[in-house]
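In what follows, a single structure is set out as structure tokens and then discussed.
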Protein chains: 2
Amino acid sequence: MVTLKQLAEQLNVSVSTVSKALHDSEEISPDTIERVKALAKFLNYKPNKLAVSLKNSKTNTIGVIIPNILNHFFAKALFAIEQEATKQGYNIITCLSNELQSKEEDSLQLLSNGSVDGFIMSIAEETQIISKTDHISNILKQDVPIVLFDRVSDNLETDKVIIDDFDAAYQATNHLISEGRQHIVLISNIDELSVGKLRTSGYLEALKESVNHTQDPVIVTIKREGSIEEHIDQLFKTHQTIDGIIAIDNTSGVVALQKALKHNYSIPDDMSIIGFSDENVLQFTDPKLSTISQHTLDIGKASVELLINRLNDKSSTDLVTKTIKAKLQLRGTTK
Amino acid sequence: MVTLKQLAEQLNVSVSTVSKALHDSEEISPDTIERVKALAKFLNYKPNKLAVSLKNSKTNTIGVIIPNILNHFFAKALFAIEQEATKQGYNIITCLSNELQSKEEDSLQLLSNGSVDGFIMSIAEETQIISKTDHISNILKQDVPIVLFDRVSDNLETDKVIIDDFDAAYQATNHLISEGRQHIVLISNIDELSVGKLRTSGYLEALKESVNHTQDPVIVTIKREGSIEEHIDQLFKTHQTIDGIIAIDNTSGVVALQKALKHNYSIPDDMSIIGFSDENVLQFTDPKLSTISQHTLDIGKASVELLINRLNDKSSTDLVTKTIKAKLQLRGTTK
DNA sequence: CTGAAAGCGCTAACAC
DNA sequence: GTGTTAGCGCTTTCAG
């Protein structure tokens, strides 16, 4: 690696002159600036980021902690975070917690030592289940800002970016009710998560409020990843009067549609299905799945904006929670 | 942030004593070590990684450049890379090239300044199309090691991790031939990529070698992401004798299956389909798609191993190319 | 206009 | 056993 010192030696000037020249300092003669820059370019000089960061106590790097990169929602969020961060001159260091509290803690510890200016994260499933967030508040205590997105915790005093999970499920349910559906089932493999609980509440509330709708709520909870298909198959066997499905996670909507067609339901005549899936699954379904669109790109972008705002004004004490409205996208699986 | 200096002051010893104590140096009395460690723990001291890296000229960080994180193959590769890197005590800085040569170049430039010890990357589509890899060889010239995975280039002298793309497609095609299929079509939306070209060659070779098989090759090339469905629909309309499909990218196999069922083919009786998809799509298909399994986790792991080996022995000059054998996984869409 | 010197936080050779 | 010093590469104040 070429250093300032080497440039200085070759040009017979001092290190500080070189440094200033490269920063277009007014103190330096145009001529010197010219010469310095020419040589720097020629030798492909790049300032050592470590040294600059150490000096400035500023890394221009954001730590991003993702619970599960194989979940398309998070992959897309990461995509958006990276894009916006790059645009704003920040790098990202990505850690994957794989839904484990221990890995989440490790990553926070490991990077909160000057490696990053702040964090953007979504809470690991395990952390949400055992509801222990000390490892996160410890970091906050050390004045390293954190933005939480999607999966958040009321116990943590941070900026947050969420979607209106309750409302989204509430509206989806109401839509099915307005279609005249009488037996609307909710399918979830995320009932341990904050977002899962909120979406379920929205569903329950919509059913409760609906006057001329007397069904009891039916909630299918799926624990293990692999068993979604079995559960849904089972559902169609045991509940033959089902005419509406709200799937509140990424994939079960698609699976439900698949199975419904297999069971010879005519969609959407016999049954309506609404999923929380991203558009990427649409190519796999026919008819096209109606979904609640989460505007994942906006979520990622907003997270970066919030964090950078916070970094630029650490003094500000009021926390902001930004809600990105989800939108019901009716396609081929609803009337 | 707590620093060595602060610890030293509180304990009335020198900074170097503290440093040594924390490293269990033999020079320091057990008693002092005890006291230092106790205070360090109490104050939650963490060595500033920037300073350590600067001092050691070693960051223990790997730069990972991913062409498209929304592609499940790359998400899974990233998953594997992160996992293995963490295991070996390395962090990763993730950059997304979004298939653009310019972003790839930016990322390499930005991080090859002491931020990372080396790179793991897969080449952007644009870079493969215009076949300009100077920005990569420039980094190599600066003695920053790079491991290429999946999409590689013959022009670059680096360690590589690839799958046996030619063989995989060759075998898949031969399998369909052995089933007695007479009109086997290849579908590709990645014909610009090195891996796409190799897979296509494998298909062509298998057809050519087959003695009692007289069909001409049929290759459907899809350019735009959104048009896969249309193209496949079209295919079934114009080529009604098709009885075999090899889809060489991540998604078109699933789409082909979907459409074939829609067109009332009985799968696998009337037609066999083999995709290059990951297991994650299986939940969306019925019958289950037969695939060529790419062992993506192994690819990621091997990439990290190769890079770390290289970092530990920069002198070694012989380049290694590791081939992770793909495996034909027959499921419900083949006989 | 240019240079010397201090310091970011850490390590390590070398005193004492 | 402990302390002093120099230096990683850079920025910045202050002197010249």
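Note on naming: letters A, B, ... go to the chains in the order of the sequence lines (proteins, then strands), and numbering restarts at 1 for each one. The structure presented is a predicted model; accordingly, all values stated were derived computationally and were not measured.
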Among C:dT11, D:dG3, D:dC10, which is the nearest nucleotide to the side chain of B:H23?
C:dT11
If we check side-chain contact (heavy atoms from CB on, under 4.5 Å) with A:M121, which of these qualifies: A:I136, A:I66, A:T158?
A:I136
Would you compute the distance between atom CD1 of B:I93 and atom CG of A:N91 and round it to the nearest 0.5 angstrom?
5.5 Å
Taking 4.0 Å as the cut-off, does a side-chain nitrogen or oxygen of A:S29 come that near to OP1 or OP2 on C:dT2?
yes
Is A:V13 touching bases, backbone alone, or none of the nucleic acid, heavy atoms closer than 4.0 Å?
sugar-phosphate
Heavy atoms, side chains only, cut-off 4.5 Å: are B:V2 and B:N44 in contact?
no
Could you state the atom-to-atom distance from CG of A:N113 to C1' of C:dG9 in whole Å?
11 Å
For the pair made of CG in A:L4 and C1' in C:dG3, what is the distance, rounded to whole Å?
14 Å
Does A:S16 get its side chain close enough to the base of C:dA4, under 3.5 Å, for a donor-acceptor pair?
yes
Classify the ring geometry between B:F149 and B:F73 as parallel (under 30°), tilted (30 to 60°) or perpendicular (over 60°).
tilted
Rounded to the nearest Å, what distance is computed from the CE atom of residue A:M1 to the C1' atom of nucleotide D:dC10?
11 Å
At less than 4.0 Å, is any side-chain N or O atom of A:T32 found next to OP1 or OP2 of C:dT2? Yes or no.
yes
So which nucleotide from D:dT2, C:dT2, D:dT11 ends up closest to the side chain of B:K20?
D:dT2
Selected nucleotide, minimal atom distance to B:L54 side chain, candidates D:dT2, C:dG9, C:dC10:
C:dG9
Mark yes when over 12 heavy atoms from residues, nucleotides or ligands other than B:K301 sit less than 6.0 Å from its NZ; otherwise mark no.
no
More 5' along DNA chain D: B:A51 or A:N56, using each one's nearest nucleotide?
B:A51
To the side chain of B:V15, which of C:dC8, D:dT11, C:dT11 is closest?
C:dT11
Starting from P on C:dG3, measure out to CD1 on A:I28 and report it in whole angstrom.
8 Å
Taken to the nearest whole Å, CD/A:E9 to P/D:dG9 is 11 Å
Gap between atoms NZ and P, on B:K58 and C:dA12 respectively (whole Å)
14 Å
Where the side chain of B:E27 is concerned, which of D:dT11, D:dT2, D:dC14 is the nearest nucleotide?
D:dT2
Value in whole Å for how far the C1' atom of C:dC10 lies from CG of A:L50:
12 Å
Side chain B:K55 and base D:dG7 donor-acceptor under 3.5 Å
yes
Are A:S19 and D:dT11 close enough that a side-chain N or O sits under 4.0 Å from OP1 or OP2?
yes
Are OP1 or OP2 of D:dT2 and a side-chain N or O of B:T17 less than 4.0 angstrom apart?
no
Closest of D:dG3, D:dG9, C:dC10 to the B:N48 side chain is C:dC10
Whole angstroms only, please: what is the CG-P distance between A:L7 and D:dT11?
12 Å
OG1 of A:T17 to CD1 of A:I33: how many Å apart, nearest 0.5 Å?
10.5 Å
